[in-house]
Amino acid sequence: MNTPNILLVTKGHPFERDAFFGLFDTMNVNWTHVEQPAARVFFSPEFAADYDALVMYDMPGIQFGADGPVFEAPPEEYKNKFLSLLDDGKGMVFMHHAIAGWPAWPEYAEIIGGRFLYLAAEIRGEMKPDSGYHHKVAHKIDVVMDHPVTRGLPSEFSMTDELYLSEVFTGSIEPLLTSDYQFTRDNFYSATLAVKEGKMFDNEGWDHPTGSNLVGWIKHYGNSPIAYIQGGDDPEAYSNEHYQKLLENAIHWAASDDALTWAKNR
């Protein structure tokens with residue numbers, strides 16, 4: 001098995017650094033870490049050339065303040081270089097809260113295959129409520145596709161992790177993993193109440209339709225293979241052997257010639 005060189009991108013959401021980076025030390029990968037916004041320079045064909053895949057655990061384009069989040073749109077030059085990188089076929093893996101990144105750039109959600117909303121927003125022409133979150137959920141994950149990303153995993157495994165009740169573009173992705181948790185309003189807390197009113201773990205007055213139970217998928221964008229893994233909030237999740245295998249598989253797949261060929265043929 002080849003050892004891929006990956007660029008690991010963070011910043012924008014707190015995490016326990018030693019445990020997180022220790023997760024990558026357990027894998028057959030060579031990783032280089034860079035934080036946002038310095039990471040932006042690497043999202044171009046020229047500066048990403050030394051990396052077989054990019055792994056995002058970041059949340060760019062959001063600043064949290066006393067009055068709530070402020071959303072920043074990426075510069076046009078950045079967007080153009082990012083899209084050129086996707087046209088070139090660079091593999092990408094998005095982890096956990098990365099699905100909330102660049103909320104003022106609608107195409108970014110299309111790249112990942114969904115969106116976590118801190119505030120209600122228009123998604124694909126429809127107004128959607130803010131998303132929900134729930135920490136430390138003990139749930140079971142079912143593997144629903146035999147694929148290199150899921151290879152070597154049991155058909156069902158348990159995790160304790162944060163889950164999201166968010167937007168998933170089910171028609172644009174290929175499902176890999178589902179959760180047995182019930183993705184309903186009563187089982188989650190409002191993101192807007194947390195970030196605008198400081199009311200953590202609160203859903204009073206909040207409403208949200210039942211959401212997708214997909215917690216892992218693959219897709220393509222341009223010529224690039226894309227994987228999204230919903231898990232990965234904290235050290236308890238990082239230390240789960242099945243999560244470790246899943247994430248390592250996703251990185252190796254996104255970095256592979258087979259994944260590149262698959263994406264180009266799409």
Side-chain angles (χ1 to χ4, degrees), residues 1-9 24 27-31 42-58 79-96 98-99 101-102 106-115 124 141-155 157 167-179 212-232 242-266:
M1 180 184 293
N2 294 330
T3 303
N5 296 314
I6 65 168
L7 186 70
L8 180 59
V9 183
F24 290 87
M27 298 181 190
N28 178 30
V29 298
N30 295 320
W31 59 274
F42 290 95
F43 288 91
S44 72
E46 178 185 3
F47 291 104
D50 290 338
Y51 303 102
D52 301 305
L54 307 184
V55 180
M56 268 67 77
Y57 194 66
D58 61 343
K79 290 195 289 186
N80 291 336
K81 288 183 176 181
F82 198 123
L83 295 175
S84 293
L85 190 60
L86 293 166
D87 285 340
D88 275 8
K90 186 66 67 177
M92 299 186 183
V93 177
F94 294 88
M95 300 173 59
H96 195 52
I99 201 170
W102 290 122
E107 193 167 8
Y108 197 67
E110 300 294 338
I111 293 167
I112 297 175
R115 169 80 79 196
R124 292 184 160 186
I141 295 174
D142 286 316
V143 174
V144 296
M145 181 192 290
D146 180 22
H147 187 271
V149 175
T150 59
R151 207 70 45 80
L153 293 172
S155 61
F157 60 93
E167 303 304 312
V168 177
F169 303 155
T170 55
S172 302
I173 63 180
E174 296 198 19
L176 297 178
L177 305 165
T178 60
S179 170
S212 171
N213 69 339
L214 293 176
V215 292
W217 59 77
I218 57 168
K219 66 187 299 292
H220 77 286
Y221 200 89
N223 291 311
S224 289
I226 307 290
Y228 174 70
I229 306 298
Q230 204 270 293
H242 302 308
Y243 179 75
Q244 293 171 357
K245 178 65 173 175
L246 172 65
L247 184 57
E248 183 175 25
N249 282 353
I251 293 169
H252 278 260
W253 174 76
S256 70
D257 290 338
D258 286 346
L260 176 59
T261 299
W262 172 84
K264 287 183 174 179
N265 287 339
R266 305 291 286 178

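For the numbers below, each heavy atom of this structure counts, side chains included, while hydrogens, waters and symmetry mates do not. Residue numbers run from 1 in the order of the sequence given.
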_How close do P225 and L260 get, counting heavy atoms only, and between which atoms?_
CG-N, 4.2 Å
*Y221 side-chain N/O to I226 backbone N/O, donor-acceptor pair under 3.5 Å*: no
*asked:* Can you give me the closest heavy-atom contact between Y228 and M95, atom names plus distance?
replied: CE1-C, 4.1 Å
*For H242 and I141, run side-chain contact (heavy atoms from CB on, under 4.5 Å): C-alpha distance rounded to whole Å, both residues' side-chain angles, the deciding distance at 0.1 Å, then the answer.*
CA-CA 10 Å; H242 302 308; I141 295 174; over 6 Å; no
*Between the main-chain N or O of S179 and the side-chain N or O of N213, is there a donor-acceptor pair closer than 3.5 Å?*
yes
*Measure the spacing between NE2 of H220 and CG of L86 and express it to the nearest 0.5 Å.*
10.5 Å
*Would you call the rings of Y108 and F94 parallel, tilted or perpendicular, where under 30° means parallel and over 60° means perpendicular?*
perpendicular
For residues 148-155, run the donor-acceptor check on the side chains, cut-off 3.5 Å, and write out each pair with its distance to 0.1 Å, sequence neighbours left out.
residue, atom, partner, partner atom, Å
T150, OG1, M145, O, 2.7
T150, OG1, H147, N, 3.1
T150, OG1, H147, O, 3.1
R151, NE, D146, OD1, 3.0

_For a 4.5 angstrom cut-off between non-hydrogen side-chain atoms, does L8 reach F24?_
yes
*Rounded to the nearest 0.5 Å, how far does CH2 of W31 lie from CD1 of I251?*
11.5 Å
*Does any N or O in the side chain of Q244 come within less than 3.5 Å of the main-chain N or O of M27, such that one atom is a donor and the other an acceptor?*
no
_Euclidean distance, W217 CH2 relative to L177 CG, rounded to 0.5 Å_ = 10.5 Å
_Nearest non-hydrogen partners of V93 and A254, listed with the distance_ = CG2-CB, 3.8 Å
_Using only atom types and a distance under 3.5 Å, with no angle test, would you say the side chain of Y57 pairs donor to acceptor with the backbone of G232?_
yes
*Do you know the tightest heavy-atom contact between S172 and R124?*
OG-NH2, 2.9 Å
*Qualifying side-chain hydrogen bond (donor to acceptor under 3.5 Å, both in side chains) pairs with a residue from residues 256-266, counting only residues at least two apart or across chains*: E174-R266
*Would you kindly say whether N28 and T3 are connected by a side-chain donor-acceptor distance under 3.5 Å?*
yes
*Do any N or O atoms from the side chain of D52 and from the backbone of I6 form a donor-acceptor pair under 3.5 angstrom?*
no
*Grab the two heavy atoms, one from P4 and one from A255, that are nearest each other, plus how far apart they are.*
CB-CB, 3.8 Å
*asked:* I need the L7 CG to M56 CE distance, nearest 0.5 Å.
replied: 8.5 Å
*Which of these, L85, I112, V55, sits in a side chain to side chain contact (heavy atoms under 4.5 Å, CB included) with M92?*
L85
*Atom pair CD/CH2 of E248 and W253 - distance to nearest 0.5 Å*: 16.0 Å
*For V29 and H252, run side-chain contact (heavy atoms from CB on, under 4.5 Å): C-alpha distance rounded to whole Å, both residues' side-chain angles, the deciding distance at 0.1 Å, then the answer.*
CA-CA 8 Å; V29 298; H252 278 260; 4.2 Å; yes
*So, the side chain of K90 versus the backbone of F82: is there a donor-acceptor pair under 3.5 Å, distance only?*
no
*Distance from I173 atom CD1 to S212 atom OG, nearest 0.5 Å?*
6.5 Å
